[in-house]
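Written below as structure tokens is the structure these notes are about.
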Amino acid sequence: MKPKQFAFLISSLIFVLSVNAQTNKDSLWATWSDESKPVIDRLEAIGNMSKDAQGMYRPANLDTAYYHAQQQYKLAETHNNKKYMGRALGSQGSYFMNTQRNSKAHELFKKSMAISEEVDDQYNIAASSFNIGIIYFKQSNPGKSIPQFERAASIFEKIGETRLQGAALSMIANLYASQQDERSVEYLNSAVIIFEGLLKKDDNQRDRMMVTMMKNQLNSLSKKYNLIEDTTTDSLISADDLEKLNVPPDAPIALSKAGEQALVKGDLTKAEDNFNESIKQSEELENKTVTAAYLIAAGQAFFNNKQYSKALPYFQKALVLANRQEILEMQGQIYAYLYEIHHKLGHHRQALDMFQKAIKIEDSIVNLENAKAIIQLKVESDYDKQKAIDDLKNEKEIALQEAKTTSQKRISWAIGIGLLLISILAYLIFNRLKETRKQKVIIEEQKKKVEQSEKFKEQFLANMSHEIRTPMHAISGMINILERNNHPKSQEVFLKAMRTSSDNLVVILNDVLDLSKIEAGKLDIESISLNLEAVVENVIQILKYKAEEKGLILSYKIADDVPILVMGDPTRLNQILINLVGNAIKFTEKGHVDILVSTANNKLNFEIKDTGIGIPKAKHESIFGAFEQAKDSTSRYYGGTGLGLNISKQLVNLQHGKIWIESEENKGSSFFFELPITIPEDNAVSQDFISEDQLKTMAESLKDIRILIAEDNPFNQMIARDDLSYYFKNVTIDTVENGALAIEKFKTNAYDLILMDVQMPETNGFEATKKIRNIEQSENKGTKIPIIAMTASLLKTEIDNCYNAGMNNYIPKPYKLEELIVPIFNALKS
Ligand code: ADP
């Protein structure tokens, strides 16, 4: 956990300490609205009304406080009264700070300080410094925060604002404590002395509370630094303390404490009742942060007593509030607890999820202020205008409501807010002190484990992929050979079945690999110029036989306004379409499957529409999950792994698009996806799909070529030899079974091109390539022989290694025929 945990609660500290206990709202209002009164009195009155509305004696109404501060500024400006202009700006700053808009608050405090310096308003200079200190504290910047509090403390001391001086010193103490710095003890000690001095002059509940808690904190810090014997309990404020301080037993803080005690005694029901009541009471304060703090306090108590399933709902509710308030520090702490709880309860998936969220929050806290500043600048001006109008409307209502508030209730609010904020803050800082190191170690360990298992997974997949691809390549290649050689007609059906099965296996293999790449964030999306119609036609070419077999009509229509060329990733678009159209054909028995492409709102829209079995509404979302199918029986009847839609969705998301479905059972389905349109700057199409005829023409243009194949697997040698001889006329082919022999052959023969397997005994493909490149260099050969890798591993690292070794290109195993012919053609065409 971080030093800044719950720092935001401190922002209320200054009001807790600075506002006069006796604020008569009616007389303030009377003074303010009486224009015959001296301006200074009126400015003072509205200033106090603003502070009052910050939530000292009733539920806070921050917007009203802001409105008063604006009025104060206007009046001060009219009379060019800089002192009150400065103070009004300070109050406005507090409003932004309390509504978590720190950059705006910072700006206002700086302005406030500058004006106060002009007129030497020492009090407000110190207050601005204090508030800026709080902002730095919230930003986890103790280095900048401490000097601000130091300055504030010394000015407050000079002008006799002893209570505020004490508050600044206690802030410095907490900052040092958060850095595990022993100086915290010294500062806390000074703060205690100051508050004890105040108590002697004027005994009051608020200061007694401060002293009690600070002394307890001092005690635990001293213990921590071995300054005293470990004799006391760990609580910052005990139930006894609360009683001594006359805190009513139905105040939220007292109820929360009672809950803790009941838990220690093992009375779960009573504990729950007490906590729930404390939370209910806190809700009346209409401050979600405070309610969240009480929920967390309850959750922590159950957690500390190992009642994990009881702790869970409290943290979950707290999370909802913290998320709504967007308080990252609080969210981070809740996620950390939820992670521990799920972990303890054996909910491993949720635990991992929470862990990742906790880490993410930790990361984003670092960038929080910058990101927020940008967004706030945009929304704040409109927001302010609207707030001012709303406030005017609400003014009357609030006044009425407030009149009803009894004085008794006021006192309990004060206890609720004043004591609670300080005590929870101190409690959590204390708690954090205890847990920081432990938590850090645990999180680091978990992170390491996750990273390690990611690495293992990647390695495992790379190996498996390689091991499966190699025999697959042999099977797929042999089927090619059988298909193009004479074979009895009766065997056609078997050959076709073999071809389909082998293609399916490759698809599954690719899917699993893709999924792991997406998960690891290693799948890169290309953005090149592509011809949409060519992509769609290619999909139709590939799938038309399947449709014909089932008697389905497969068609496509591209609307006239769709640009011919767009930027995109043709391979991935093809993959998505093959998935969706393949599914449409698979799940349709009669009728048709249509691909419709159109544009709207600068987006490309794809619809894949079928007249098949449809999908029940309840499954419309879940089928996009990994390994999800609409029915348990789906894979039995139709086959499939449930990966296709998941991958399609992730591919669409990676391209900043979205995918969705409309479907009714037994009527058919429409899968839609949309992608942003970008028109390429030039008209060159970098990739098109190639027909068998084009392949033959390409191959025929290269005559009498000499190719060396380095490949240890005899099946693969056979396939490559057969494929090359089929396409290239008068080709000369030599084969060797390792890299060392390839180098020898290269030295003594003049080849046009080398096909180099990567994994071979003795000298592997990388080493052989490097050596050949060295030979070329030492012999000052002006040209380099094209070397094309043949690899069964398609991981990026492996491909990068190919290029790094000096290879020109790579061919995947198993390859489609164009994947073999086109790279050779590209390398040799003159
Ligand atoms: P697979 O097809 O391998 O099972 P997918 O992720 O592609 O996996 O699809 C998930 C599930 O969604 C399918 O099993 C099927 O139940 C349902 N589905 C997908 N497309 C259609 C469709 N066009 N018509 C009916 N059901 C479909």
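Every number for a ligand or one of its atoms is a count from 1 in the order of the listing.
- Counting only residues at least two apart or in different chains, salt bridge (charged side-chain N to carboxylate O under 4.0 Å, His left out) contacts with residues 309-321 comprise E272-K310.
- Under 4.0 Å is where a charged nitrogen must lie from a carboxylate oxygen, and between K489 and E492 at least one such pair does.
- Side-chain contact annotation: N826 with N809, donor-acceptor N/O pair under 3.5 Å absent.
- Which of G612, G668, G642 comes nearest to atom 8 (O) of ligand 1 through a heavy atom is settled by distance: it is G642.
- Among residues two or more places apart in sequence or in another chain, the ring pair (Phe, Tyr, Trp, His ring centres under 6.0 Å) test is passed with Y556 by none.
- Only side-chain heavy atoms of D610 come within less than 4.0 Å of ligand 1; its backbone N, CA, C and O stay farther off.
- For I623, no nitrogen or oxygen atom sits less than 3.5 Å from a nitrogen or oxygen atom of ligand 1, counting backbone and side chain alike.
- Interatomic distance, NZ of K649 versus CD of E621, reported as 7.0 Å (0.5 Å rounding).
- Proximity to L643 (heavy-atom distance under 4.0 Å) selects the following atoms of ligand 1: 6 (O), 8 (O).
- A donor-acceptor pair shorter than 3.5 Å cannot be found between the side chains of R721 and N716.
- Ligand 1 lies out of reach of F624, whose nearest heavy atom is not under 4.0 Å from it.
- Considering backbone and side-chain atoms alike, N583 places an N or O below 3.5 Å from some N or O of ligand 1.
- When non-hydrogen atoms are compared, ligand 1 lies under 4.0 Å from the backbone of L645 as well as from its side chain.
- Ligand-side atoms of ligand 1 in range of I615: 18 (N), 21 (C), 25 (C), 26 (N), 27 (C), range being under 4.0 angstrom from any heavy atom.
- Near G614, meaning under 4.0 Å from any of its heavy atoms, are these atoms of ligand 1: 25 (C).
- Under the side chain to side chain donor-acceptor pair (under 3.5 Å) rule, S670 has a single partner from E662, K609, E607, which is E607.
- Taking only nitrogen or oxygen atoms, main chain and side chain alike, F587 does not reach within less than 3.5 Å of ligand 1.
- Ligand-side atoms of ligand 1 in range of K586: 1 (P), 2 (O), 3 (O), range being under 4.0 angstrom from any heavy atom.
- Remark: ligand 1 atoms within the under-4.0 Å shell around heavy atoms of A584 are 23 (N).
- The NZ atom of K667 lies 12.5 Å from the OG atom of S669; values are rounded to the nearest 0.5 Å.
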